[in-house]
Structures are given as structure tokens and as C-alpha cells.
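First comes the structure, then the notes that go with it.
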Amino acid sequence: MDIVLVKNIDTGDTAWVLVAAALVMFMTPGLALFYGGMVRTKNVLGMLMQNFFSLGLITVLWVAVGYSLAFGGTNGFIGNFDFAWLQDVAGTNGGKIAGFAPPGLGTLTIPPMVFMAYQMMFAVITPALITGAIADRMRFSAWVWLLGLWAILVYSPVAHWVFAPSGWLFKRGALDFAGGTVVHVNAGIAALAVVLVLGKRKGWPKHPMPPHSLPLTLIGTGILWFGWFGFNAGSALGANGVAAQAFVNTTVAAATGMLGWLILEKLRSGHATTLGAASGAVAGLVAITPCAGFVGGMAPILIGGIAGGICYLAVSMKFRFGYDDSLDVIGVHLVGGLIGSLLLGLFADASINAAVTKEGVFSGGGWSLFGEQMIAVGATMVYSFVVTCLICLALKAFMPGGIRVTEDDEETGLDLTQHSEVAYATDLV
Amino acid sequence: MDIVLVKNIDTGDTAWVLVAAALVMFMTPGLALFYGGMVRTKNVLGMLMQNFFSLGLITVLWVAVGYSLAFGGTNGFIGNFDFAWLQDVAGTNGGKIAGFAPPGLGTLTIPPMVFMAYQMMFAVITPALITGAIADRMRFSAWVWLLGLWAILVYSPVAHWVFAPSGWLFKRGALDFAGGTVVHVNAGIAALAVVLVLGKRKGWPKHPMPPHSLPLTLIGTGILWFGWFGFNAGSALGANGVAAQAFVNTTVAAATGMLGWLILEKLRSGHATTLGAASGAVAGLVAITPCAGFVGGMAPILIGGIAGGICYLAVSMKFRFGYDDSLDVIGVHLVGGLIGSLLLGLFADASINAAVTKEGVFSGGGWSLFGEQMIAVGATMVYSFVVTCLICLALKAFMPGGIRVTEDDEETGLDLTQHSEVAYATDLV
Amino acid sequence: MDIVLVKNIDTGDTAWVLVAAALVMFMTPGLALFYGGMVRTKNVLGMLMQNFFSLGLITVLWVAVGYSLAFGGTNGFIGNFDFAWLQDVAGTNGGKIAGFAPPGLGTLTIPPMVFMAYQMMFAVITPALITGAIADRMRFSAWVWLLGLWAILVYSPVAHWVFAPSGWLFKRGALDFAGGTVVHVNAGIAALAVVLVLGKRKGWPKHPMPPHSLPLTLIGTGILWFGWFGFNAGSALGANGVAAQAFVNTTVAAATGMLGWLILEKLRSGHATTLGAASGAVAGLVAITPCAGFVGGMAPILIGGIAGGICYLAVSMKFRFGYDDSLDVIGVHLVGGLIGSLLLGLFADASINAAVTKEGVFSGGGWSLFGEQMIAVGATMVYSFVVTCLICLALKAFMPGGIRVTEDDEETGLDLTQHSEVAYATDLV
Amino acid sequence: MKLVTAIIKPFRLDEVKDALRELGVNGLTVSEVQGYGRQRGHTEVYRGAEYEIDFVPKVRVEVLVDDADVTRITEKLLEAARTGKIGDGKVWVTPVESVIRVRTGESGSDAL
Amino acid sequence: MKLVTAIIKPFRLDEVKDALRELGVNGLTVSEVQGYGRQRGHTEVYRGAEYEIDFVPKVRVEVLVDDADVTRITEKLLEAARTGKIGDGKVWVTPVESVIRVRTGESGSDAL
Amino acid sequence: MKLVTAIIKPFRLDEVKDALRELGVNGLTVSEVQGYGRQRGHTEVYRGAEYEIDFVPKVRVEVLVDDADVTRITEKLLEAARTGKIGDGKVWVTPVESVIRVRTGESGSDAL
Ligand SMILES: Nc1ncnc2c1ncn2[C@@H]1O[C@H](COP(=O)(O)OP(=O)(O)O)[C@@H](O)[C@H]1O
Ligand SMILES: Nc1ncnc2c1ncn2[C@@H]1O[C@H](COP(=O)(O)OP(=O)(O)O)[C@@H](O)[C@H]1O
Ligand SMILES: Nc1ncnc2c1ncn2[C@@H]1O[C@H](COP(=O)(O)OP(=O)(O)O)[C@@H](O)[C@H]1O
């Protein structure tokens, strides 16, 4: 497989993927707000900053080497530097700019630059997901290093395995429409690794740490749901029937995710909460991500509903096992990502998408796809967990000051100690 | 008329309507924030939740039966179950997914799935509009029931009458480009019904209940205006000249709606207020909704301006008549919807859109269209009001605990009593 | 050059530019929030209102005469009234609506109405940028007049010079892809003029005036970055390779802008701040605006990074020179706009965009383009500064009450005195 | 001169203010506080984690009054603040040695 | 030991703090309050509905002082807080029986 | 009857509340305040402009207590609030002439 000059650009497909890329970009601020509303007042800027900074750093790293490591070359385990600094990504095609597609993606009907930009937004948001787990206690400088190293050492390789046609998991037939494995399982298990190295927040779980602004969280939820149309339906890489199906599956799974969470919550604690509605919707969205363009019919209803319910149960695990996954990245993204990636082994349907070479159990394809999905999530979990641990331990050992703020600084909050700012100033100063 | 397999999909049209559907989805969170900022601190989550929950429940109901009841079959009064659970909505067309269009919509150039999704977002936001009227006093469980029943018993039938080519109002020639009748008049009159059954908020109108966060309301306003491009220009169902005209009409009417409201407000109370700017823009947007793709020239300027001014006057009616339409759903959506639907009888212009079979008075079409518009809004108002009243009375009679929170709970606020949460926690807990 | 009936409409291009127009519209609320978070609690509605009002007033003025003055006719210095009230902008083309393109834009593949709407959004946001400089002290009625007069007397002429093919700067070969000169330099220098006439805020710079809500500012930042894809990539006026390159350049420059600002900030004051991240991103976005569809390769990385760093230094100038540019419109938009417009003289690359007739220094085109860029920004600065001063002085002289609020009102805040509202009410009233 | 301080339920503030105004009280100062007492707080639930919040929002009203008016004003205040349900709050009286109006420097009763 | 309490206009806080600091006052405690008094409140308008808001934002400053310093400090405070316009607020002095510094347990003047 | 007022560090509130509860204190009133004292404030930086903020968030706790309980309660409170670092705050006691429970009109010790 060689890199191929893209010639047949369709303006409608291009328009849709451009929009989808913008929508996915918008999700990172959305995530920042979603998380930011959940932390205490003294840490909200710390949270926002960790997320926004991903837009700063990862964008540049992606352009430099990330994209090329993820999509360049034909090695099964890691890309190469063919596209480093975007060389050849733009190229001319009879006077028009088009550019070279990564190996195996020669049938693109959009400029490769658009594909690169679209994938960039995934690279930006994936490590940002981790910030929810580590809220309120990591030094900003340590986050900067973790972020950058993780993007290169974990994200690009895993994306290559699963998304690139030459990746070993892709070639085995594992399916991941929009990042259930690459994004959610990957970030979720990495969050566990970071949390284990970092330790619990002072006072957790005894001291209550209620969300300082649920309206902020709900602004974030709205943006996430909105942006997720780009995330999932954009992964069709064109404005076509697959995109349409993915679009519908996305919103349906978000809805049943919300319902699933709320029903269990109402039964167990007596109230349907706003944060539960938001969390359930996100759980549904996470779970449908790998499936979005591969399933149809009742599948999204079930996938979303199951994810909503199970994630509700899963977020309590941390109290049982004693790890402080502050805003439930593991309970929602890891668990939700696993649910979606594995259920895809049951529901994948070739009549929805011809790219489904092995169908799921319920479509008559037997357990083979399910097995591949197990391998894909298993390999991702092991690799991501181990490498993330190593990065964190190395940073802890080598960074003067370590990766965690001092006790006093934790008490005072990240906003003042890391950024010299307060989130909400009174006119009285 | 039979259901038809859609064959000629245009990627540009598809891209636009996919985006439009996402934009309309985004309006429901936008509406939640718009309303949420206007209630008191203790009720903001209650308000947000009522809106977000519509995204959860209605999405599922629409997929199950709502879409089919609205667009299936050829009966004039109600759809059928042909499309229940989305059967046949996706279908294959020479290896590509396309699917079957509803009767009379065979000329669609987008996958029917996209049409279904786009219409879904209207079904979601329409009942959400009602929440503004009932702020601060409805039990959440009662809202859940009202929401679901209303979607099936009111929204789907009215959408069928007006939007489906086989609907009796559609066939008579009534026009409603993007939902002036189906969405705004329908929700507005239903809001009146609910408010009458529910009664006034404790302390209203004596006790001041100022908006707890106008910035939140303005975030919502920005999102609504943005999303409304999808709502109106998306209703062209393609990226074409009609969409362009609808786009421009939308923003122009929002602008003149703002100006109309502010000018009257300045003259009467001495100040142009921020909430007035937001409200006037929404009034203009409401009024242009039925007209967006059917009028041109100076029409949007006038329609928006008239709506802005009249809605400003209309929101005071509640003090005269003593019904507690908390956030002015009647004053803005019912009145604005009526203004737009009726002015369309004057301004509809076949040179803008060939779908205008009867032109408006000023385009030389005489009063015939105006008559049809009167019939359409009249029939909608009667049906929606009566059925909504019956639903509310039935819920009041049969739900243990009724549909209204206790006095104590109203005092404490919906957030704590309905959802066990507070919107803004201090670090001091 | 004559006005030309547009015939070859491409749905994909149309879809993209429709979306882009909506995105740019969304930037004005985004800007309102960005600025609104930075002012003190008592002035936040004043700030939001000044921005939202631009959506009201300028939309109407643009439809009335603004568009026609900017794009009508073939005079080099000012347009004409050919398109006043949008006459001829919509027209029919074999039963379909298309309409007449401005002179020199006959190759448009989108309905001229879409082009008009897209340009409208630029006209709306440009004067809105000025509000950041004049925060907390201008009478709302004075702003209304300034806004309207500036749009007609400054914005339309400058847009004509640079954007219209018949404009004298356009014809000389000056380049401005998406408004570095027309939008940012223009608004930035005008902000200086207004600030000089208006004077400093009471207590500035002695009294601290910290941002009352940085989360609000970051919501705005997210929306701005998101919307800027429309602003820049939309300026390709189609869904093509140039749009793709502009899209990528935009996000890359935002990222390096953020990094540039943060690095300098960290070195000089010891902390990387959240407001710095937001400001740096905006600085990068401003600087890439004129260049977005004209440069490639490493250019966006450098342009963004340079802008981020220099703007960080530039925002301190106001303390040295003693003008109160409250939220740094001059330091960010004027300086960033100049950086981008001039660096384009170095980086412009015909292989990225055939519209580059004179290439930049680094592309082997010599200093000729740089010279034209100097002339373009110079002419814009002189004209805009002088005319804005004249408008302000005239308003100061002729408006009863002047252009500035009384000392007492400034103390109390704009929200109460100009709009009779408070931004955040407690339930305790 | 005495200072009468009352901790009351927030929604009684209007009544209290009106009642005191009727008695000719020209001024008072109000602040938001959190009370802990016999009235139970509430439970909040976030993602399944339950928090017992012991504090209940209350309002503190402070009125400087002439010695002679203490009883009259206190009684009226009690009446206006009372709902009869638990959590109605407390009123207490403390001695004040001097009061001065900032604007004029007047002191004692003239300062009120 | 006395407690000097002042209700002042928020924007005078800086001046008051600086003035007291000059007198060697080492600490004070400040809170946001709402005042009702001769100074009129304001009107707010939301969608045509007018609300009269009687309360005006004020700041309460509390300073514990030695008996001997009361007059000196009060006077300086009055001076710094005064604008001469209505609503400048009140200053009052109440007796304090004992003061203890939490950190060290010191009491009396040593606690200040 | 006395009023014990304490200015403490916000994160000690839980301990203080629990300590007092153990002593049988049935109620207290809490508010957020800003303290200025020996403990330095902090610097904030916005776009290169540095602001020195002198005030530090503190919590004010007020407890009405019987004369006999003052020492016991004060000591327990001091202990619970103490971290030993600068800025731990102050506790002071002021005389109270009468206390009334709003709900019942009970006064004196019965009102607590
Ligand atoms: N000993 C006390 N000291 C100070 N404030 C108290 C005390 N006891 C109660 N309060 C205040 O009075 C409020 C009402 O007290 P509570 O015991 O709940 O009800 P009630 O006064 O009706 O018996 C509390 O929320 C608290 O603010
Ligand atoms: N009797 C009072 N008790 C407590 N606080 C008072 C009293 N009278 C006035 N105040 C406080 O003093 C502030 C200023 O009083 P006001 O009557 O408006 O002006 P002035 O003190 O200049 O006559 C009020 O807002 C209120 O907070
Ligand atoms: N003279 C005073 N009057 C009133 N409050 C004071 C006074 N001195 C200190 N405080 C309060 O006590 C807090 C702690 O005082 P500080 O001098 O910082 O530390 P410490 O009490 O440990 O010496 C201050 O923040 C302030 O709220």
C-alpha cells in the first residue's frame, strides 16, 4: 500500500467532514466545561486549563509527528515519518489542492488535509478525557509533560493499530467506528494508571466535594452531545447513508443512556438527578462510539441503555476499591468504551456498512468478531496502562517537585497555586 | 401515495441537513440555558432537567412511533405504524444505504434517515418550550408523563396535519415552513393549558422573582440564534437557494425582533434591557419560522419587527388576566407563532419558493392563503389546548401526589426536592 | 465588471458556506461571553448587550445599504446602492433561486444570498470587537450611534477596498483572506480612537479590576475558536482544498498562539494562566486570519507563535502609554492583525492558492507583496482612526449627556444604570 | 443603644422588613448565613454519592435600636418571622456603647 | 477590648483598610451585606415587570481593638469611609469580654 | 448568655462543628467572610497585570451559649480550629442581654 494522491473530491463529503472536524474540536471546550462544573470552585480554572491546553499542545504535536505516526507507513505497529510536519498532506491535483492519503485510504473523497484535521481533533480530546480522573491535585507542569508524552507514546500507536488500514488490529478485523477503543478505552485505562500513581485527593472520600456549578456541567453536556454528531457521523468521512445511520444511532444511544442511568438512579436513591441525566447521556455516547456506523435497528437503543445503567453502577466501584477517579473517567469512559466495543461484537451488521467484514453474533457472524474485539480492547488496555504508568513514574521520579501539588497548594486550590488566578472574583477586592 | 425508495442522494444537501439536524438538537440545551438563567437559583436544575430530559425521552418515542405517526401513511389526520422502530427508514439502494421516504416526500435528495433525524429534533424541542411556562412548581414525575403523552397525542398528530403531504391542513394549502404552527403555536397554547391546570407560583405576582443569571440566558440566546439557522434554513431540506433565503430571513427577523422589542421597551420603561434584546430576538425568530423559506424582500424585516414589538406588549397580558406564564411562553411563542403564521398569509411569495401554491395578499394571491392559515392555527389551537388540558387533568387526578410540588417543596426549590442537588455549591460544605 | 447571475451552484460548497456563516454568527455571542467574563460583575450585562446589539442593528444596516456599499459597483473607493435592501441578490435561474453576484465575483458556486449572509456576519462582529476596549464606561445610547455610523462610514468602505474585486487595495494586489485588515486592524485602531476620546475607567490602573468569571471567558473562547473555522475556512467560499488548508492553518495558529503566550508568561511572571491561554489562542487566530488560505507548511506555526508572544508583550503597552484599552483590543486585535497582515507578505504562497498573484518573500516573490500589505494596513489605520475619532467627537459634542456615563453611574455599573438589570440576582430580594 | 440580631428564614425577610418599617425603623442590615440547628439539613446525591448537608440557608437581620424600643421592635420582629415550624431561628439583643452615622458624624439616637 | 463594626459603601473598603493599617491595626474581618436605609434602592425591569429592590450592597468591617484605641480608630475609620452622600453607613462599638488568638491561645491585647 | 464568635479557616469548619456537637451545642450560625491579617494574601495575574489581594477567605462561626458553658465551649472550639499555622483566626466573647427562639418565643437558655 502506497500513499495515494486523492483525486475525486466531493464537495458535499468535504463540507460534512470539515464541519465534523469543527464539531469535534468544539468538544474539548465542552469537556472542559462538563468537568469544570463538577470540581470545587478553587479548582475550576485548573480543570479548564488542562483541557484547553490539550488544544494547544496536541495540535502542534499532531502536525509535527502524531499524524504521521498514526497513519503513515505500512508497519502494523507504528506509523512512520512520511507525513511529519504535514509534508505531502497537501499536494496539487491538476491545479487544485488535494494531497496524499495515507496508505489504504486512497478512496477518500475529501482532501487528505481534512482527514488529517479531523483525526487531529480526536488526538486532542482523548488525553483531555483523562483530566477528569486527576482533578484537583496534579501540578500543571506535570500535566504538560504527561500530555505530550502520552500523545506520542500511547495515542499515536493505538490509533495506528486500530484506525490505520495497516494497523495490526485493523487487519485482524477489529472494528472501531469512531474511537470506542482508541479514544475511550484507551483514555479510561490510562486514567486509572495516572490515578494510581497520583493518589487520592486530600479528604476523599470522607469530605464532600460537590460540583460547584452544575449549570456549567450542563452547558458542557449540551456541547458534547452536539459535537458528538461530528465525532461519530463524521467518521463516515462523507455525507452518506452511513453518516445518517451513525447520526441517528448517536442521538438514540445518548437518549437511552440517559434513561438507563436515571431509571436505576431513581430506583436506588429515590431521585433522578441532573448530573445523572448528563452522565447517562455521555455514557450512551461513549458506548455507541465504536458502533455508530456499524449497527442499526434496535441496537443503539440497547447499547445506550445498557451503558447508561452499567456506568451508573460502575461509578461506585471507586469507593469499593479506593482509587480516587474524581469525575469518573473510568466508570464512564473505560466501562462505556468496553461495553460499546464488546457489544459491537454482537450487533455489527454488514447491511449497514460494507466495511463490516465479520458480522456480529446477532447478525449471524458467530463469535469471531467478538473475539477480535476482545483482543483489541485487551491489547489496548495492557499497552496503554503499562506505558502510562511508566510515563507517570518517570515524571514523578525526575520532575523536581514531582507530579502532585503540595498539601497546602491542594488546600488552596489549583487556580491560585498553578495559575495565579481565581475563577470568580467579587467586585469587592 | 406510497413510500418511495430514495435514490438520488446529493451529498451537499445531505451535509447541510445533517448539520441542520445537529444545530436543532443543540437548541434544546440552548433553550434550557435560556430558561434556566431566568428562574431563581433554587430552581435552575429543575428547569435544565425538564429540557434535557426531552432529549432523552422524546428521542426514543420518536424512533418508536412518533415519526411514523407523524409521517407514515396517507390518512389526513394521523400517520400509521409503517415506520415504527424505524423499519424501512434505512434501506439499501444498490449497495448504498438510503431508505424509504414518507408518502409524498419521494423527491428527497437526502437519506430518509436524515429527514427522520431532522424531524426528531423538532419533536424534542417543541414540548421543551412548554417548560418555560410551568417553571418552579411542577413535579418532575408529572412532567415525565406529560412530556411523553403530549408528544404522542399532540405533537405527532399536529405535525402530521401540517408537515406531512397527506395531512389535511397541508392538503388544504396551509403553509408552515419550519414550524410556526406545529412548534410555536402548538407549544404556546399547550403551555396555557398546563398553566391553567397547574396554577400560579406561590408569591406570584407580588413577590419579585428576578432571573438568577442573565449571562446564562444570553448563552442560551446565542445558541438558539445559531441553532435556528438549522431550524429554518434546514427546512429547505437541501443546500439551495431556498435555504439561502431562509437563512437570511432568519437572521434578519431576529435582528428586527430585537430592535422592535427594545424600541418599545425604551419608550415605555426608559431602558433597553439585555433580557429584552434576547426576548425580542427570540420573538423575531419564532415569527419568521413559518415564513422563512416562503418570503423575501422586506418581509422578514417587517415580520420580525412586528413580532418583537407585539410580543413585548403581549408578555404583560399575564398580569392582566392573572395566569402565571412564568417565562412567557404564551407571550412569545404563541403570540409570535400566530403573528408569523398569519403574516405568511400576506407575504407568501411563489417566486421565492415554488412550493407556495397559494400566494399571500401582498403577492397578489388574495385572502385565500390567509384563510387557510387561520384554519391551520385555529385547528391547532383548539386541538392542542383541549388535549393538553385533558392530559393534565388526568395526571392531576391519577398521579399520587398530583402534578404540583407541595408548598414546602416549592419554597425549598425544585433542585433539592426533585433532584437532590444544588446548582451552585460553595466550597464551604 | 458587471453583476452576474450565478448559475453553477454547487450544493457542497453552498452547504459549507451556509454553515460557515452560521459559525461566524455564533462568534458574536462568543465574543460577548469572552469579554463579559473579563469585566466586573456590575458591568457584565452592559458588555453582553453591546455585543448582542450589534447582531440587531448591523444585520439590518447591512441588508439596507452595508452590503451594497461594500460589494456593489466598480468604483475603487466605495460601493454603490445596486444591492440596497438586497435587490437582485436573490434572482431566479431557470426556476431555481440564485441571484446576482457582485462585480468580479461571478465565479461564485454558491447563491449570492449566501455570500451576502456570510459577509454580514463579518460586518456584525467587527464593530463588536471594539466593545472590549471601551468596557465599563460608555453610555449605551452612545454605543448605538457609534455602532451604526461606524458600520456605514468605516466598515463598508474598508471592506470594499480590500474584499471587493473592484476595491483599490484589492486591485493593487493586497491580500486579506478573511479579514486581518478589514476586521482586526480596522477594529483595533478604531478601538484606540474611541478609547482616547472616552478616557480611562475611574480607578484605572490603580484599582484592581479582575475578571468576574473566567469560566464565562473560556466558554467564549471555545465558541470563538469553533466559530473561527467558519470565519477563515469559510472564506474559501467552497468546500475545497483551500478551505481545508485554511481550516488547518486556523487551528494550528490558535494552538501556537496559545503556546507562545504561555511560554513568555511563564518566563516573565512565573505562571501559565488560563486567561493567557485564551488570549494567546485568540491572538493566534487573529494573526492567521489574513493568511489562512494563502499559506501552508510551517507558516501557521510561526505566525501563530509569533503573534501569541508579541501580543503578550503588547498588552502591557497600555500601562506605559496610559490609555485604558480595558480588555486589550489594541494589544490583541490591532497588533495581531498587523502581525498577520505583514507576515503574509513573507509567507504568501501561490501553490496553496492561485489567488496569490504576488507571492511572499519566502516564496520567492520579493518584497512587493509586503509593500502592498504595508499600504493596505496603513491606509486602513489612517482612515479608520480618523473617521472613528470624528464620529466619537461628534457624538460627544452633540449627544445630550455625552458618550460617557456619569461618575456615579460608573460606580454603580452599567447593568443597573444602562439596562435596569442585574446579572446575578440572589433568591434573597 | 442596643443591637437586635435575628436569624430568620430567608423568605420571611420581606415580612420582617415591612413590619419593622411600620414601626418606624429607618434602617437595617441583612446578610446571608448558613444555620445549623434542630432543623435538619438535607441530602444531596451526585453520581450515587450521598452527602449530608447540615447547613440551611438563613438570613441575619441586624437592627440598631434605642433602648426604649427594644421590646416593641423585638416583638414585632418575632411575630413577622414566625412560621411556627422548626428552624424559625433566634433573636438576640446585645449592648452597644456608641453608634455614629458615617455621613454626618451624628451619634446616638440621631445616628439611626 | 471592643469590637468596632462599620457598615460602609463597598468602594470605600480600600481606603478604610489603608487608613486602619496606617494606625497600626493588624487585622480586620470583612463581609458582604445588604443594607436598607434612607438611601433608596433601585428599580429593576425584566420583561416589563418592574421590581423595587430596597437593598443596597454594603460591606461590613469588624475590628477588634484595645479600649484605649477605640476613639482614634473609629475616627480614622469614619473619615476614610465618608463620601458625604446618603448611605455612607454606620459605625458602632460593642463591648468584648475576651479575645483569643486561635493559633497560639494568646488572649487580650496580645491576641490582636 | 454570651455570644461566642470565631473567625476560622474554612476547612476547619467541619471539625469545629463536630467538636461543638459533641459538647451538646444544638445550633450555630456560619457565614463566609474575608479576613485581613498577618497571614499574607496572594497575588493574581491577569494578562501580565499583577494584583495583590490582601483578603483571605475565612468563616465566621457564631454560637450563643449559657454563661456557664463559655470556657468549655471556647476551648473546644479553639482546639478544633487550630492548625498552628498563621491565619488560624480569633475567637471572642460578647455579652448578650436576651435570646429568644422565634418559633416558640421561649427565651434564655430554653431558646438555645
Ligand atoms: N446556639 C446557637 N447559636 C447561634 N445560632 C443558633 C443557635 N441555635 C440555633 N441557631 C440558629 O438558629 C437557626 C434555627 O435553629 P433551629 O434549632 O434549627 O430551629 P429553632 O430555632 O426553631 O429551634 C439555626 O439554623 C441557626 O442559624
Ligand atoms: N438602624 C440600623 N440598624 C442597622 N443597620 C442600619 C441601620 N440604619 C442604617 N443601617 C445601615 O446603614 C446603611 C446606610 O444607612 P442609610 O440610612 O441608607 O444612610 P445614612 O447612614 O447615610 O443615613 C444602611 O444601608 C444599613 O446597612
Ligand atoms: N483585629 C482584628 N479584628 C477583627 N478580625 C481580625 C483582627 N485580626 C485578625 N482578624 C481576623 O483573624 C484572621 C486571622 O488573623 P491573622 O493575623 O492572619 O492570623 P493569626 O490570627 O494566626 O495571627 C484574619 O484573617 C481576620 O479575619
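These numbers come from the heavy atoms of this one structure, side chains and all, not from hydrogens, waters or symmetry mates. Just so we're on the same page: letters track the sequence lines, and every chain starts at 1.
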Point-to-point distance, once rounded to the nearest 0.5 Å, from OG of F:S31 to CD1 of D:I7: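 Answer for the OG-CD1 pair, F:S31 versus D:I7, is 8.5 Å.
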Gap between atom CG of F:L64 and atom CD1 of F:I73 - 0.5 Å precision: 10.0 Å
Does the side chain of [Y] come within less than 4.5 Å of [X]'s, by heavy atoms?
X	Y	answer
D:Q34	D:V56	no
D:D69	D:D67	no
D:V59	D:V33	no

Residues in residues 100-112 of chain D that sit under 4.5 Å from chain F, counting heavy atoms only: none
Contact listing (chain D partner; residues 75-97 of chain F; heavy atom under 4.5 Å):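 Residues F:P95, F:V96, F:E97 are the ones that qualify, each having a heavy atom under 4.5 Å from chain D.
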Per-residue contacts, residues 38-48 of chain F versus chain D, heavy atoms under 4.5 Å: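 Residues in range: none.
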Pairs involving residues 52-65 of chain F, ordered by first then second residue, that meet salt bridge (Lys or Arg N to Asp or Glu O under 4.0 Å) (sequence neighbours left out): D:R60-F:E62, E:K17-F:D54, E:R21-F:D54, E:E62-F:R60
Side chain to side chain contact (heavy atoms under 4.5 Å, CB included) between F:T29 and D:F55, worked out: CA-CA 9 Å; F:T29 299; D:F55 291 104; over 6 Å; no
Test log, rule side chain to side chain contact (heavy atoms under 4.5 Å, CB included), inputs F:L3 and F:V63: CA-CA 6 Å; F:L3 176 66; F:V63 208; 5.9 Å; no
Under 4.5 Å from a heavy atom of chain F, the part of D:T74 involved: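 Answer is side chain: those atoms of D:T74 sit under 4.5 Å from chain F.
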Steps toward side chain to side chain contact (heavy atoms under 4.5 Å, CB included) verdict (F:L20, F:D18): CA-CA 5 Å; F:L20 295 186; F:D18 292 350; over 6 Å; no
Which atom of F:V25 lies closest to which atom of D:Y36, heavy atoms considered: O-CE2, 4.4 Å
